[in-house]
2 protein chains.
Amino acid sequence: MDRSNVIDLDGVRRRCGQLTARQLCLPAGIDPLEREHVDAIVRRRRALPAGARLYHEGDPLAHVYVAHRGAFKTVALAENGDEAILAFHLPGELIGLDALGADAHRGSAVALEDAEVCELRFDELLTAAARLPRLQQQLLRVIGQGVERDHRHVGMLLRRQAHERVAAFLHDLGERHRRLGLETRELRLPMSREDIAGFLGLALETVSRSLTRLQEDGIVAVRGRRLEVLAPARLAALAAGAEAAAGARAGR
Amino acid sequence: MDRSNVIDLDGVRRRCGQLTARQLCLPAGIDPLEREHVDAIVRRRRALPAGARLYHEGDPLAHVYVAHRGAFKTVALAENGDEAILAFHLPGELIGLDALGADAHRGSAVALEDAEVCELRFDELLTAAARLPRLQQQLLRVIGQGVERDHRHVGMLLRRQAHERVAAFLHDLGERHRRLGLETRELRLPMSREDIAGFLGLALETVSRSLTRLQEDGIVAVRGRRLEVLAPARLAALAAGAEAAAGARAGR
DNA sequence: CGAGTCTTTGACTTTGGTCAATTTGTGTGG
DNA sequence: CCACACAAATTGACCAAAGTCAAAGACTCG
């Protein structure tokens with residue numbers, strides 16, 4: 001750790017610390033003294049233009065990131081050629097834990113729009129975690145939440161009906177917005193239909209049709225990448241795999 | 001990777017899986033002082049009859065397990081009612097990390113056949129990890145491998161063609177057999193067709209048909225739950241999403 | 001050997017993928 | 001500010017793939 005000047009570190013803390021703290025510290029009730037250790041790990045903010053890659057497949061695991069502004073997707077290109085989308089990351093969510101198993105990133109992370117991330121040095125995070133049991137616990141919890149995210153993704157992919165997958169996707173997006181303290185009724189979709197399709201294992205036309213149908217059923221209102229949830233309960237029911245007919249019948 | 005001196009959770013898994021370990025599933029190649037810590041974590045072995053649950057949804061996270069004999073599946077029942085299969089676990093593989101995010105298991109683990117597991121107390125594992133950087137590192141690596149497993153699962157589910165999913169599943173199973181030092185040519189499928197279907201998001205009839213087709217194409221030979229890989233390269237190609245026609249053409 | 005489950009196979013139907021054309025939206029330069 | 005060009009999204013028509021229902025065959029375990 002090259003002696004970074006105090007001023008700069010302070011700046012980092014002011015600008016980034018709060019967000020990072022929320023993710024890593026607050027839930028664990030880490031006291032201010034300990035928190036300083038964590039703050040020191042947050043290195044800097046990095047700005048990325050839309051389409052830029054935060055890291056590439058094969059890069060060694062050096063940092064983990066917290067999306068600060070703008071959304072990201074993590075992708076892994078199949079031997080096939082076309083890219084599989086493994087996750088979307090909203091502001092406030094962690095990025096980069098796909099490298100845990102091999103010390104090297106298995107995919108890459110792409111900014112979906114102009115974005116900024118906070119960068120955390122992974123090795124320093126580990127040493128701090130060894131010293132602070134609460135941080136260790138919280139780190140594992142955050143990792144576990146990433147695992148849960150993947151499981152929700154699998155849950156979506158196991159839904160056989162396309163519009164159920166789309167509903168599950170929108171529902172999940174809404175839930176995450178709620179947990180992050182963002183707008184929950186009016187959602188902005190930072191990713192293209194093609195990205196959604198790549199995430200859900202559908203053709204992009206099917207995604208479009210599903211959205212249209214959800215709109216016809218009065219469950220959401222879609223205008224481009226802006227989406228309003230009109231009937232959260234019915235959206236949740238569809239996402240959960242309830243009889244598709246139930247919603248449709250009432251809606252038409 | 002780094003082999004010497006690393007506290008080898010991989011070793012724990014292998015030894016447990018190979019039936020060579022007695023009471024203690026101990027990693028070799030670590031100094032006696034460290035070794036003692038790890039010793040204490042492995043509690044006992046538990047035997048389970050086919051169909052028994054290792055833990056249930058909602059159970060607090062107390063242990064993680066290593067399958068010792070027999071295979072397991074981890075399932076989460078969708079609000080829907082029917083159960084989603086999140087993973088299969090072969091002898092030697094870790095079970096129970098789905099609870100990291102919430103301290104409670106999000107699904108349950110079921111023995112697919114008469115089985116035994118090694119039980120590790122999770123809290124003790126954490127304290128030991130805080131004291132032993134190598135163990136901490138290794139623990140994270142194992143968790144990361146679980147994440148990679150989930151990503152491979154997603155990769156399968158993103159394949160649109162049913163027989164590609166099935167091929168990817170069999171290929172993955174073969175790879176895992178290889179890594180665990182098990183038979184790679186002649187695979188035993190410890191799970192039912194219904195389970196495979198539940199894992200791949202297909203109807204069980206489709207799984208059956210796909211297997212038949214893979215057999216007709218000369219890629220595998222199937223007799224019930226015993227399966228022989230005849231053309232590993234073509235299986236891998238199919239799994240990777242190569243033109244399905246390539247294999248079929250050559251095979252017929 | 002028999003009862004049960006598991007698996008395969010067949011016939012039919014529905015869903016969603018593909019190809020293609022149109023409309024909407026976005027950003028740029030005149 | 002408008003017009004233009006390009007990309008993104010929608011919509012339609014058609015077809016192949018997979019789901020469903022149903023029945024027969026194979027395997028397992030008592």
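Sequence lines set the chain letters: A, B, ... in the order given, protein chains first and strands last, and positions in each chain run from 1. Here the structure is a predicted model, which means the values were calculated and not measured.
Look at CD on B:Glu194: it is 13 Å from P on C:dT8, rounded to the nearest Å. Counting to the nearest Å, the P atom of D:dA8 and the CZ atom of A:Arg226 are 18 Å from each other. Remark: C1' of D:dA18 and CG of B:Leu200 are 14 Å apart, rounded to the nearest angstrom. Regarding A:Leu214, its CG atom lies at a distance of 16 Å from the C1' atom of D:dT11, rounded to whole Å. Atom-to-atom, CZ of A:Arg159 to P of C:dG16 comes out at 12 Å; the value is rounded to the nearest Å. When rounded to the nearest whole Å, the span between CZ of A:Arg193 and C1' of C:dG17 equals 18 Å. Rounded to whole angstrom, the span from the CG atom of A:Asp195 across to the P atom of D:dA8 amounts to 10 Å. When the C1' atom of C:dC6 is taken as reference, atom CD1 of B:Ile196 falls 12 Å away, rounded to whole Å.
Salt bridge annotation for B:Glu113-B:Arg188: present, with a cationic side-chain nitrogen under 4.0 angstrom from a carboxylate oxygen.
As judged by a 4.0 angstrom heavy-atom cut-off over every strand, A:Arg209 is placed among the base-contacting residues. The residue A:Leu204 sits close to a base: some heavy atom pair falls under 4.0 Å. Residue-level contact check: B:Ser192 touches the backbone only, with heavy atoms under 4.0 Å from sugar-phosphate atoms and none from bases.
Between A:Arg225 and D:dA8, a side-chain N or O to OP1/OP2 separation shorter than 4.0 Å is absent. The phosphate of C:dG16 has neither OP1 nor OP2 within less than 4.0 Å of any side-chain N or O from A:Thr206. For D:dT11, the OP1/OP2 oxygens have a side-chain nitrogen or oxygen of A:Thr212 closer than 4.0 Å.
Checking C:dG17, C:dG16, C:dT8 against every side-chain atom of A:Ala162, the shortest atom distance belongs to C:dG16. Comparing atom distances between the B:Gln161 side chain and each of D:dT20, D:dA18, C:dG17 picks out D:dA18 as nearest.
Projected onto DNA chain C by closest heavy-atom contact, A:Arg160 and A:Glu205 fall at different nucleotides, the more 5' of which corresponds to A:Arg160.
B:His151 and A:Asp150 share a side-chain donor-acceptor pair at under 3.5 Å.
Within a 6.0 Å sphere centred on CD of B:Glu186, heavy atoms belonging to other residues, nucleotides or ligands number more than 12.
Although no hydrogens or angles enter the test, the distance criterion places no donor-acceptor pair under 3.5 Å between the side chain of A:Thr206 and the main chain of A:Leu202.
Ring-plane geometry between B:His153 and B:Phe199 is classed as parallel, the angle between the planes falling under 30 degrees on a 0 to 90 degree scale with a further cut at 60.
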